[in-house]
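Down below is the structure, laid out as C-alpha cells.
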Amino acid sequence: AREDGWRARLSTYYQELGLDPAASANAANRAPFDEAMCALVEELKPAVVSFHFGLPAPALLQRVKAAGAVVMGSATIVREAIWLEEHGADVIIAQGAEAGGHRGMFLTDAIAQQPGLFALLPQVVDAVRAPVIAAGGIADGRGIAAAFALGAAGVQIGTAYLRCPESKVSALARAVLAQAFDDSTVMTNVMSGRPARGVPNRVMRDLGPISADAPVFPHAATALGPLKAAA
Ligand SMILES: Cc1cc2nc3c(=O)[nH]c(=O)nc-3n(C[C@H](O)[C@H](O)[C@H](O)COP(=O)(O)O)c2cc1C
C-alpha cells in the first residue's frame, strides 16, 4: 500500500516526463549481503570488506573473515561502534552527521540525534579497542590532521572524490557539487527510504526532505528509477 501511495505521489512527475505511472519499474538493485555475494568474496579474497547498516548474519561474517578480509563497519553513535566491535568488526568507521550519502545508522532511527564527527570520533576512540577511521566532512589535509588529533587511525573521504576525473557521476551532479556551500545539503529519506545526506533536488524539496510516506529502503528508489532515467 505504501509503495502504491508513493507511486501515486510521483505520478505528476511521470506525466510531466511523458511516462506511464502504471508501467512496472525495475526493483531497486540494493540487496542485503547474501550467500551469492559471500561466495564472490571467497573467490576474489579482497583485503578489506566494509559494511554499512550493521553486519551480515554471523555465519556469513565468519566466512568473510575466513577468506582473509579485514572487516570494517560504519558507526554513527558510540553504541553502534561497541556493537560492531563485539560482533566481529576489526575496524570501526566513525561516521559523523556531516557525511555525504547514506547514514550507516542501524541501532537508532533518531536522525535529529546523530552527532557530528568532532563529538563522535573521540568518544568512539575511547569506547573501542579497534582502530577507528574518521568519516564525514573531511575534504583536505587540515581535516585529516584534525581527525588524527582526535584519535583516528585513518580517514575516509567520500564527497570530495565525487568530482575527480575517475568518478562516474554525471556532469549535472558535478556542476551542483561545484556550486555547493556549507549549508547546501540536507538529510533526506525520499531517495531510497533510508536517511542520506545530499544536495536537494526537486523531489527532495517537494516531498521531503523527510517523508513518512517513503517506502522502506531500498524501495523508495524503485519508482524514482524511470524518472531518473528520463530526467
Ligand atoms: C555518493 C556517495 C555514495 C556512498 N556510498 C557508500 C556505500 O555504498 N557504502 C559505504 O559504506 N559508504 C558509502 N558512502 C559513505 C562514505 O563511506 C562516507 O561515510 C562519507 O562519504 C564520508 O563523508 P564525506 O562524504 O563528507 O567525505 C557514500 C558516500 C557518498 C557521498
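Treat the numbers as computed from the prediction; the structure is a model and nothing was measured. Note that ligands are numbered from 1 as they come in the structure, with each ligand's atoms numbered from 1 the same way.
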Leu60 and Phe106: same hydrophobic cluster, using ILVMFWY side-chain contacts below 4.5 Å?
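Shared cluster, yes.
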Tabulate distances under 3.5 Å between N/O atoms of ligand 1 and N/O atoms of the protein, writing both atom names on each line.
residue  : atom   : partner : partner atom : Å
ligand 1 : 11 (O) : His52   : ND1          : 3.2
ligand 1 : 17 (O) : Gln156  : OE1          : 2.9
ligand 1 : 19 (O) : Gln95   : NE2          : 3.1
ligand 1 : 23 (O) : Gly136  : N            : 3.3
ligand 1 : 25 (O) : Gly100  : N            : 3.1
ligand 1 : 25 (O) : Thr159  : N            : 2.9
ligand 1 : 25 (O) : Thr159  : OG1          : 2.5
ligand 1 : 26 (O) : Gly137  : N            : 2.7
ligand 1 : 27 (O) : Gly158  : N            : 2.8
ligand 1 : 27 (O) : Thr159  : N            : 3.4

Going by the side chain to side chain contact (heavy atoms under 4.5 Å, CB included) test, name the single residue among His102, Arg103, Gln114 that passes it with Gln95.
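When side chain to side chain contact (heavy atoms under 4.5 Å, CB included) is applied between Gln95 and each of His102, Arg103, Gln114, only Arg103 qualifies.
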If we ignore hydrogens and angles and just use 3.5 Å, is the side chain of Gln123 paired with the main-chain N or O of Val78 as donor and acceptor?
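Here the side-chain-to-backbone pair does not exist.
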Could you tell me which non-hydrogen atom of Pro209 sits nearest to which non-hydrogen atom of Thr188, and how far apart they are?
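Looking at all heavy atoms of both residues, the shortest contact is O-OG1, 2.5 Å.
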If a pair satisfies salt bridge (Lys or Arg N to Asp or Glu O under 4.0 Å) and one of its residues is in residues 153-172, list it, with sequence neighbours excluded.
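Every pair satisfying salt bridge (Lys or Arg N to Asp or Glu O under 4.0 Å) with a residue in residues 153-172: there are none.
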Report yes if some heavy atom in the side chain of Pro21 is under 4.5 Å from a heavy atom in the side chain of Arg7; otherwise report no.
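The answer is no, as the side chains (C-beta and beyond) never meet within the 4.5 Å cut-off.
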